[in-house]
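In what follows, a single structure is set out as structure tokens and then discussed.
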Amino acid sequence: MTAALSRAAVVGLGYIGLPTAVSLATGGLEVIGVDVNPGIVERVNRGETPFAEPDLSVAVSGAVAMGRLRAQQEMPQADAYVIAVPTPFTGDHDAEPGGRPPGTPRADLSYVMAAAEAIADVLRGGEVIVLESTAPPGTTRRVSELIAARRPDLHLPHVPDIPPDVHVAHCPERVLPGRVMIEIATNDRVIGGLTPACAARAAELYRTFCRGELIVKLAENAYRDVNIAFANELLLICQRLGLDVWEIRQMANHHPRVEILRPGPGVGGHCIAVDPWFIVEAAPDQARLIRAARAVNDQMPAHTADQIVTTSRRFREPRIACLGLSFKADVGDLRESPAVDITARVAAALPDVKILVAEPHAPSLPGELDELGNVVMTDAEHAIAESDVIALLVDHSCFRAIKKTQLTGKVVYDTRGMWG
Ligand code: SAJ
């Protein structure tokens, strides 16, 4: 069902279909362009473009020469189908039910439906079908219904509760003629699947050539951010009530439908801490939970640093070890890392205190810590041995080897619940 997408058919080799076909080909897929017009098929197979669009002709001739793109009139078997046929407005379809006055313009979906019929006849199961043509709400569902009527042997996703054999989604084109080749690769895309799995499958297809953020991805990352925020909020609540959040979490996670993520010192990386803001920007009045989650997660480094500083002030001349600087376990990426932020805050709040930092995945301190003057990089063993307060900021696997006896007599601030 979810085999790799290696062969795509693009139906309609017009202003959107041909650039999409060539982009998929450049993205590594074998692409077959389908068009009812034999003249267009012939020209594409000669490596020519039937219309002018900057950068398109060189891309088409290249893809055809490399054998990645070819055109034909018949519908082929493929892993993915992109329908990019015209949906002109017309006043000629008043015979359709709906009681509209004669002459009312409406989208002529006959090309879309003809493409869906042709696709229906060659389906084997496991394919994803994406409607790119701009079309009225409900069209994707109609495509699914039409295919189901023609292929009673296949489950289509408009019927709930049965895992579909074929995924169907809508991903309307949003490119500006004259800039199609640039925008097709860089513009954000909106993907509407008949089910979330349909959207995810369609996103896989577009990821092969689209560098723009896909809304699906934004939703995935915002979902994770909200769930981490829940865990972090639970930590704050437990701290206020004098409870052990790790114990509470473990007990709650015994419930078959509960899976609380891990609280921590904050959310870093370039995706989860950033992507939710795109959703907030797009729908500020609706995205209240997503915005609140960002605020909860963003306060964690300052909160964690405050706690380390408060604990350290119990000592007359405290020595502090910060274990881990990266944004998450077992990577060396220090950018947007809560651990770096926390170390910098602690070092700035206690300028006379030496902070020993151990980060086995990074060769040296980042500039912002180096310039503070009281932060020194060393190995974990040494940092622990020399310090009174041990702050575990990243749950690197190698820190698991640290023995309880090494921590005896020290104040341990384990932000990751690793040594619990
Ligand atoms: N974190 C917690 N508690 C948890 C899980 C994570 O505090 O229970 C923290 C991590 O320590 C880290 C941050 O969240 O600071 C993000 O880490 P992550 O492992 O959750 O995610 P990333 O940023 O490494 O990768 C995410 C992934 N997206 C999702 O899981 C929905 C990844 O699949 C995406 O490919 C990637 O973003 C991306 O490029 O968008």
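Starting from 1, each residue takes its place in the sequence as its number. Start at 1 and go down the list; that is how both ligands and their atoms are numbered.
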(message) Does this structure show an ion pair linking Arg201 with Glu204, if we count only N-O contacts that are shorter than 4.0 Å?
(response) yes
(message) Are there over 12 heavy-atom neighbours, none belonging to Tyr223, within less than 6.0 Å of that residue's OH?
(response) no
(request) State whether Glu145 and Arg141 are salt-bridged, where the test is any N-O pair (Lys NZ or Arg NE/NH1/NH2 against Asp/Glu carboxylate O) under 4.0 Å. (result) yes
(request) Could you pull out, from Lys328, Glu220, Met300, the option with a heavy atom nearest to atom 22 (P) of ligand 1? (result) Lys328
(request) Not counting sequence neighbours, which residues clear side chain to side chain contact (heavy atoms under 4.5 Å, CB included) with Pro172? List them please. (result) His170
(request) Verify the distance criterion only: is there a donor paired with an acceptor across the side chains of Glu127 and Gln77 at less than 3.5 Å? (result) no
(request) Please confirm whether Arg224 comes within less than 3.5 Å of ligand 1 when only nitrogen or oxygen atoms on both sides are compared. (result) yes
(request) Just grab all the salt bridge (Lys or Arg N to Asp or Glu O under 4.0 Å) pairs involving residues 51-77, residues at least two apart or on different chains. (result) Glu30-Arg70
(request) Answer yes or no: does an N/O atom from Phe327 fall short of 3.5 Å to an N/O atom of ligand 1? (result) yes
(request) Could you list which atoms of ligand 1 come closer than 4.0 Å to a heavy atom of Ile228? (result) 1 (N), 2 (C), 3 (N), 4 (C), 5 (C), 6 (C), 7 (O), 14 (O)
(message) Need the ligand 1 atom indices (1-based, order shown) with element for anything under 4.0 Å from a heavy-atom of Arg416.
(response) 7 (O), 11 (O)
(request) Report yes or no: does Gly269 have a heavy atom closer than 4.0 Å to ligand 1? (result) no
(message) My understanding is that we take every heavy atom of each candidate and find the minimum distance to atom 16 (C) of ligand 1. Doing that for Gly264, Gly268, Ala273, which one comes out nearest?
(response) Gly268
